[in-house]
Asker: 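My questions will all concern the structure given below.
Keep in mind the model is a prediction, meaning the values are calculated, not measured.
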Amino acid sequence: MQRRRFMQTALGAAAVAALPSSAALAQAVQSLAKVDGSVDAVSNSGRQLTLQQAELEELRDSLQGRLLLPGHEGYEEARRVLNPSINKHPALVVQPTGAADVMRAVDFARERELLVAVKCGGHSYGGKSTCEGGLQIDLSTLRGTHVDADARRAQVDGGSLLASLDREAMAQGLVTTAGTVSHTGVGGLTLGGGFGRLARRFGLALDNVTAVDVVTADGRLVHANAEQNPDLYWGVRGGGGNFGVVTRFEFQLHPMARTIVGGDLVFPLSQLRDVVRFYADYSRQAPDELYLDLIARSPVGSPDGMVAMHACYSGPEEKAEAVLAPLYKAGTPIQDGIARRDYVAIQRSHDNADPRNNAEYLKSGFINEFPEALVDVIAENFEGFVERGTMLLFQHSGGAIGRVPADATAFAQRKSMANMLFFVEWPLAESPDQHVAYIRDQWTQFEPFTDGWYSNEVDKESAQVVNSNYQGNHARLVQVKNRYDPGNLFRLNANILPST
């Protein structure tokens, strides 16, 4: 081992020395990769342990990608997730460049029973893609999308963001369901479900997955599709990151015109009841080609706000006017942003809607119907404040999503008409307690209308709550977990506990 490390160091130094400004570059490379000593860490059971300098150096030398430790350049960016209120510090971060690096990282973690987090885009509201004291596998260096237009397939590396899938596929007149915010990670979105502006027409993102490559808990790279390892293929489509790290997805693609008709139609918050009542009726009868969200929002610092419908109609352009004209009957709009748009552009249109300088917390649940009683609850309980921001969002489902049997994939909530999300945000410097308490109290008025929740939004739910959320698919998911992760290495998710 010492001879190998010496040779790697010597050869690396020789290669660097041949480059311009070699002394400065060599110093930078050595500084970046330096392991100064042992590192304190945490096991997956919470036990404190110490990673010795020699084993960290061996891990570093076995990777083509980077090993980051606290103090290394890039560590701070890697450990952070989108929700700025999440502030965790992994003991070490591996940034793989391929499946071999992921396999090595998984072996290292399993052998030491390290706590493991997997990060793709960092959109986990509960902060599950980072961890305190464990090993974070940061897939931001494992990105790429290749489209085979003839086969209508896209090969997507596990750390890719939705923007690359949209861009590469649409350049050839093809699409698949890919969320609503382009900097979302493909892996996190897809494994839990994958809603998006095209889901009512083409199904969830996971409904369009035709194959995956997964590094399982034993460090193997396993290919899974309908014929090969079909149990794993079934489980990853809705079971989240419970079974391993997906290093590559294969997606089915669909022909679609690049120009859609959509955007935001905004009303004053005083018209909340009327707009919500209209949405409750119209979203139920909308054609599959229409995706229609409802958003009520009041920002931090102002008790005023607005209510809006966000539309994306991807069907024949000559039918757009007839489909969208009824939206204007919901009230008297103060802003009309509905127009002909480039699909890739509308996929980026809400990229800055996520929190940057404010902390955020949410509660959510699927609704299967939208009764007048829920309209009343919304109209009577949604309010604005100076000290906090509030937002209520209904993400449209139904259509093709609901025509897939509940047991065809691990994703069970097929009969929902929308995902209802209630957010609260507050200045990052403030204590979260009063704001989180507010939204939890408010949610008691909304929760009776829900039937399960989106597993990608898991926070600190009990095992019983998580198990029941998988509904009739839970027993089969336990069998898949027993086979591919019997030690529960991958637990920072909507965790399925193995029975072995």
Side-chain angles (χ1 to χ4, degrees), residues 32-63 65-96 101-141 159 185 187-188 215 217 219 240-242 244-245 359 428 432 458-463 466 485 487-498:
L32 181 66
K34 188 175 182 181
V35 178
D36 292 321
S38 62
V39 172
D40 292 332
V42 175
S43 75
N44 50 29
S45 63
R47 175 174 52 89
Q48 299 295 313
L49 50 87
T50 299
L51 302 175
Q52 300 298 328
Q53 180 175 353
E55 58 186 327
L56 291 170
E57 289 175 339
E58 184 175 10
L59 173 62
R60 177 201 61 193
D61 295 344
S62 69
L63 299 171
R66 296 201 296 173
L67 172 67
L68 303 179
L69 301 175
H72 282 184
E73 181 182 351
Y75 171 85
E76 286 296 315
E77 180 180 358
R79 74 176 184 88
R80 291 286 187 181
V81 293
L82 194 68
N83 185 347
S85 64
I86 305 297
N87 187 26
K88 298 179 181 179
H89 300 78
L92 65 165
V93 177
V94 170
Q95 293 183 319
D101 281 353
V102 177
M103 295 163 72
R104 180 68 185 97
V106 168
D107 283 340
F108 185 88
R110 185 192 63 256
E111 291 162 1
R112 293 156 181 81
E113 299 182 345
L114 276 173
L115 181 66
V116 175
V118 182
K119 177 183 173 183
C120 188
H123 278 244
S124 168
Y125 281 104
K128 301 297 185 183
S129 50
T130 187
C131 59
E132 191 67 41
L135 165 63
Q136 181 192 56
I137 301 174
D138 173 22
L139 300 176
S140 62
T141 48
V215 176
N242 266 288
V245 183
L428 191 58
V458 66
D459 186 18
K460 299 176 182 178
E461 285 76 17
S462 69
V466 171
D485 185 18
N488 202 19
L489 181 68
F490 301 108
R491 61 182 62 198
L492 293 183
N493 43 50
N495 195 221
I496 299 159
L497 293 173

Asker: Determine the minimum heavy-atom distance between Pro70 and Pro90, stating which atoms define it.
Answerer: CG-O, 4.1 Å
Asker: With the side chain counted from C-beta on, respond yes when Asp485 and Pro498 share a heavy-atom pair under 4.5 Å apart, and no when they do not.
Answerer: no
Asker: Rounded to the nearest 0.5 Å, how far apart are OG of Ser45 and CZ of Arg491?
Answerer: 7.0 Å
Asker: Is there a side-chain contact between Glu55 and Arg112 in this structure, where contact means two heavy atoms from C-beta onward sitting under 4.5 Å apart?
Answerer: yes
Asker: Looking only at non-hydrogen atoms, find the nearest pair between Ser140 and Gln95 and report the distance.
Answerer: OG-NE2, 3.9 Å
Asker: Going by salt bridge (Lys or Arg N to Asp or Glu O under 4.0 Å), name the pairs with one or both residues in residues 39-52, residues two or more places apart or in two chains.
Answerer: Arg47-Glu113
Asker: In this structure, are over 12 heavy atoms from other groups packed under 6.0 Å from Glu77 atom CD?
Answerer: no
Asker: Output the distance between atom CD1 (Ile86) and atom OG1 (Thr130), rounded to the nearest 0.5 Å.
Answerer: 9.0 Å
Asker: Taking all non-hydrogen atoms of both residues, which atom of Ala359 and which atom of Leu428 are closest, and how far apart?
Answerer: CB-CD1, 3.9 Å
Asker: Can you name the closest pair of heavy atoms from Val81 and Ser129 and give their distance?
Answerer: CG1-OG, 3.2 Å
Asker: CG of Asn242 to CG of Asn493: how many Å apart, nearest 0.5 Å?
Answerer: 4.0 Å
Asker: As a test of understanding, state which of Leu63, Leu139, Asp138 forms a side-chain contact (heavy atoms from CB on, under 4.5 Å) with Val94.
Answerer: Leu63
Asker: Between NZ of Lys88 and CG of Leu115, what distance do you get to the nearest 0.5 Å?
Answerer: 8.5 Å
Asker: Using side-chain heavy atoms (C-beta onward) and a distance below 4.5 Å, is Leu49 in contact with Leu114?
Answerer: yes
Asker: Before you tell me yes or no, could you show the steps for Asn87 and Arg80 under side chain to side chain donor-acceptor pair (under 3.5 Å), namely the whole-Å CA-CA distance, both residues' side-chain angles and the distance that decides it to 0.1 Å?
Answerer: CA-CA 7 Å; Asn87 187 26; Arg80 291 286 187 181; 3.2 Å; yes
Asker: Are Val466 and Leu497 packed together at the side-chain level, in the sense that at least one heavy-atom pair is separated by less than 4.5 angstrom?
Answerer: no
Asker: Do you know which of Leu92, Val35, Leu68 makes side-chain contact (heavy atoms from CB on, under 4.5 Å) with Arg60?
Answerer: Val35
Asker: Find out whether Phe490 and Ile496 are in side-chain contact, i.e. whether some heavy atom of one side chain is under 4.5 Å from a heavy atom of the other.
Answerer: no
Asker: Testing the basics here: between Pro96 and Thr141, what is the closest heavy-atom pair and its distance to 0.1 Å?
Answerer: O-OG1, 2.5 Å
Asker: Of Val106, Val118, Ile137, which is the lone residue that meets side-chain contact (heavy atoms from CB on, under 4.5 Å) with Val215?
Answerer: Val106
Asker: Under 3.5 Å, is there a donor-acceptor pair between the side chain of Glu132 and the main chain of His89?
Answerer: yes
Asker: Please, which pairs that meet salt bridge (Lys or Arg N to Asp or Glu O under 4.0 Å) have at least one residue in residues 117-128, sequence neighbours excluded?
Answerer: none
Asker: Taking atom types as modelled, find out whether Asn488 and Asn495 have a side-chain donor-acceptor pair closer than 3.5 angstrom.
Answerer: yes
Asker: Hey, could you give me the CD/CD distance between Glu57 and Gln52, rounded to the nearest 0.5 Å?
Answerer: 11.0 Å
Asker: For Cys120 versus Gly188, what's the shortest heavy-atom pair and its separation?
Answerer: CB-N, 4.4 Å
Asker: Between Arg104 and Asp107, does any NZ, NE, NH1 or NH2 come within less than 4.0 Å of an OD or OE carboxylate oxygen?
Answerer: no
Asker: One pair to check against side-chain contact (heavy atoms from CB on, under 4.5 Å): Val116 and Asn44. What are the steps and the verdict?
Answerer: CA-CA 7 Å; Val116 175; Asn44 50 29; over 6 Å; no
Asker: Starting at CG of Leu69, measure out to CG of Leu51 and round the result to the nearest 0.5 Å.
Answerer: 9.0 Å
Asker: Would the distance check show the side chain of Glu58 and the main-chain N or O of Leu56 forming a donor-acceptor pair, the cut-off being under 3.5 Å?
Answerer: no
